Amino acid sequence: MSKKEKYRGKDFIRQMIHHDIDSGINDGRLATRFPPEPNGYLHIGHALSICINFGIAKEFDAPCYLRFDDTNPAKESEEYVNSIMEDVKWLGFDWGNNLAHASDYFGSIHELALELIEKDLAYVDSQTSEELKNTRGTLNTPGTKSPYRDRSIAENLGLFERMKNGEFENGEHVLRAKIDMSSPNINLRDPIIYRILHMDHQKTGEEWCIYPMYDFAHTLSDALEGTTHSLCTLEFEDHRPLYEWFLDNLSLPTKPRQIEFSRLNVEHTITSKRKLAELIDSGHVEGWDDPRMPTISGLRKRGYPASAIREFCRRVGITKKDKSIEMSLLESTVREQLDASCNRAMAILKPLKITIKNYPEGETEILEAKNHPKNEEMGSRELPFSQNILIEKDDFMENPDKDFFRLSPGSEVRLRYAYIIKCEEVIKNENDEIVELICSYDPDTKSGSGTSTKKVKSAIHWVSENHSIGGKVNLFETLYTDQNPKSDSPLNPDSIIELDQPAYEQSLSKAKIGSRFQFERNGYFIVDQIEGDELIFNRIVTLKDTWAKIQKKKK
RNA sequence: UGGGGUGUAGCCAAGCGGUAAGGCAACGGGUUUUGAUCCCGUGAUGCGUAGGUUCGAAUCCUACCACCCCAGCCA
């Protein structure tokens, strides 16, 4: 196979990796890593990174490290590391023995800082943070050298040792790489690589009071653990020269290559950890795993299958172009996975009572319904039928449009898996609201009997009132109505709608927390909680709704 | 006005000098006891713009334009 054929259709990262392996770089070895900072929960954007890093490693039967970038104890906690591990596992990936923390390498990273000092490539700066800021220059103007830049190696070594020993306050000194204060790339203007932080670390406790900065710790962690391809998002692109500077100037076992790809944005969602935390703190959502959150735990509670998220990430692709993905792509992926795997059931979300006047009072008949219209292996279930049934309010229209083909006065409709009924009378209350329908049924039209010659325009779902069970249903919309929300965008007041009068078919009493169903004609739902005999369902996603589309167009 | 990136359909995305894949969306139509699923069909004489090289350019060259990222002791 020619190279051209081998690379065709693959994203640019896979092409580069194939090329590097074929060229024998790093002995033709591959290792990737996913390096989250444990300062929040993972979100859909991280899912893409996880799928890329773990996914590619898997394809090559290579290791992918789960490495916590825990270099800032001020923001990090064990709660977050646990949630991250849970989320990665749930997404279907396995780091095996390759669990790591940047803090595991603190000793080596410190030694490498000493090496830099000894090579006169790093110095202790004693300027204040204000002075540091003022001498960094701007985007258009070069920075100026620190008055402490020419300290002797011995003095730097001594000062750095005292920093480490806790002899100074936070902010009194920093260790800086000695690169180029006039570089047009700000990252190269003598970046800080160590700062003093008198704070216990969730992993190393009181051991350190100096902590390495991201660029230094991240680069060295990659190199120390043998990562060959460090795949990250675009905003780190101008850090790459610094990444390479560290690799070129230090004695490291391997030389990893950093490759950047564009981050995933999904319309109507925000993925800034700061902003997500704010939504929680302000009480707008119930927590990191609120079903409206774009976090992995939120999507999980919402009922999205991990396979759908993986497939979504695959469809989205890997490029360097800024992307803003429409919700419809995510939703169609979720529907596709759920359509194949979910048992069908009938549930009425907004009930309207029907009395079938010619059906014998007190009689109950058992009907059979398929659990999946296309998959016989998924079996069937029993449906009790009786004189009093409930249908969906939206399935009745007193003054129907001509393209409404559900129930209306005098019209006929099939009750799915049961009989054809005809609406004979509409009963209203004193507020002129429809409270009940009196219908008749045609006994010759029983489903599956083959005796019916009647054709009706549609079949609607129903449940037998006296055999139904109750609970609650949560319907969700996006947290933001803006297509590309900013941090000050208004929240969607309808992001959650709670329905407290649903009626579920009897067979659902056997459902367990976490089981998913397609409620026919209503969408996909997951059992969120069970309270006594009440079931609380979350709607995962609606079905495609052509009728809703027609109505929308009319308006 | 410095540096680093990116521009192919409404949203993604293939393409790698030989005449614009695919998915989502949209729009038609068929099947259907879910207005679901499924099936069929429809979209770029055009690849940010303008020049150039070439028998031939989305692919190479030049210039321009638009958008994104960078001035934390955050990652």
Side-chain angles (χ1 to χ4, degrees), chain A residues 3-4 7-11 15 35-37 39 69-72 74-76 125 128-129 132-133 136-143 170-176 183-189 192-197 211 213-215 217-218 232-241 260 262 267 273-274 314-333 335-336 339-340 344 346 370 372-374 403-406 413-418 420 445 447-448 452 455-461 518-523 542-550:
Chain A
K3 273 190 177 176
K4 201 169 157 183
Y7 300 162
R8 177 160 296 139
K10 288 194 164 66
D11 58 80
Q15 289 184 15
E37 184 190 12
N39 68 341
D69 229 332
D70 54 352
T71 56
N72 185 4
K75 295 186 174 178
E76 297 151 9
D125 198 345
T128 63
S129 71
L132 244 25
K133 189 179 176 183
R136 189 154 31 224
T138 69
L139 296 179
N140 296 314
T141 57
N170 290 350
E172 259 188 84
H173 305 281
V174 291
L175 184 68
R176 292 230 258 173
S183 172
N185 181 342
I186 293 177
N187 297 117
L188 262 18
R189 316 235 263 234
I192 295 171
I193 58 177
Y194 259 99
R195 82 287 214 176
I196 299 169
L197 225 196
Y211 292 96
M213 298 288 289
Y214 163 81
D215 288 294
H218 182 260
C232 62
T233 42
L234 243 33
E235 66 269 29
F236 296 105
E237 201 153 21
D238 19 79
H239 291 241
R240 195 171 65 225
E260 311 83 11
S262 58
E267 286 185 355
K273 279 190 210 167
R274 200 199 93 255
R314 193 191 65 75
R315 290 188 193 186
V316 146
I318 307 170
T319 62
K320 300 188 75 150
K321 190 170 99 173
D322 290 346
K323 56 182 112 216
S324 177
I325 307 293
E326 293 174 342
M327 264 296 185
S328 61
L329 212 219
L330 216 204
E331 292 185 338
S332 87
T333 312
R335 287 190 191 108
E336 189 179 298
D339 175 58
R344 313 286 122 131
M346 296 205 280
K370 288 181 184 174
H372 191 109
K374 290 185 172 180
D403 48 7
F404 180 82
F405 37 88
R406 278 111 93 149
V413 77
R414 171 169 292 281
L415 296 178
R416 189 143 158 85
Y417 295 119
I420 290 176
T445 57
S447 279
S452 175
K455 283 280 176 206
V456 287
K457 274 188 176 167
S458 76
I460 64 172
H461 58 106
Q518 184 203 93
F519 290 166
E520 294 205 23
R521 305 206 312 131
N522 262 324
T542 61
L543 255 25
K544 267 210 232 166
D545 193 345
T546 307
W547 171 239
K549 203 190 286 175
I550 292 168

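The sequence lines fix the lettering, A, B, ..., with proteins before strands; numbering per chain opens at 1. Given the structure is predicted, the values throughout are model-derived calculations rather than measurements.
Dashed line: the shortest gap from a side-chain N or O of A/Arg136 to OP1 or OP2 of B/rG72 is under 4.0 Å. Applying the 4.0 Å criterion to OP1 and OP2 of B/rC74, one finds that A/Arg274 has every side-chain N and O outside that range. In this model, the phosphate group of B/rC11 is not approached by any side-chain N or O of A/Lys323 to a distance below 4.0 Å at OP1 or OP2. Proximity of A/Lys544 to the phosphate of B/rU37: a side-chain N or O atom is located under 4.0 Å from OP1 or OP2. Phosphate proximity of B/rA26 to A/Lys549: present, with a side-chain N or O under 4.0 Å from OP1 or OP2. For B/rA75, the OP1/OP2 oxygens have a side-chain nitrogen or oxygen of A/Arg195 closer than 4.0 Å.
Using a 4.0 Å heavy-atom criterion, one finds that A/Arg315 contacts the sugar-phosphate atoms exclusively. Using a 4.0 Å heavy-atom distance criterion, A/Glu260 is classed as making no nucleic acid contact. Note on A/Ser324: only backbone sugar-phosphate atoms sit closer than 4.0 angstrom, heavy atoms only; bases stay farther off.
Ion pairing between A/Glu520 and A/Arg416 holds under the 4.0 Å rule for side-chain N and carboxylate O. Salt-bridge formation is not detected for the pair A/Asp11/A/Lys320: no Lys NZ or Arg NE/NH1/NH2 atom is positioned less than 4.0 Å from an Asp or Glu carboxylate oxygen.
Taking only side-chain atoms of A/Ser129, from C-beta outward, the nucleotide of B/rG35, B/rC73, B/rC24 with the closest atom is B/rC73. With B/rC70, B/rA36, B/rC74 as the candidates, the nucleotide lying closest to the side chain of A/Thr546 is B/rA36.
Using Watson-Crick or G-U wobble geometry with both donor-acceptor distances under 3.5 Å, B/rC64 finds its partner in B/rG48. In a base pair of the Watson-Crick type (N1 to N3 plus N6-O4 or O6-N4) or a G-U wobble (N1-O2 and O6-N3), with each distance short of 3.5 Å, B/rU59 is matched with no nucleotide.
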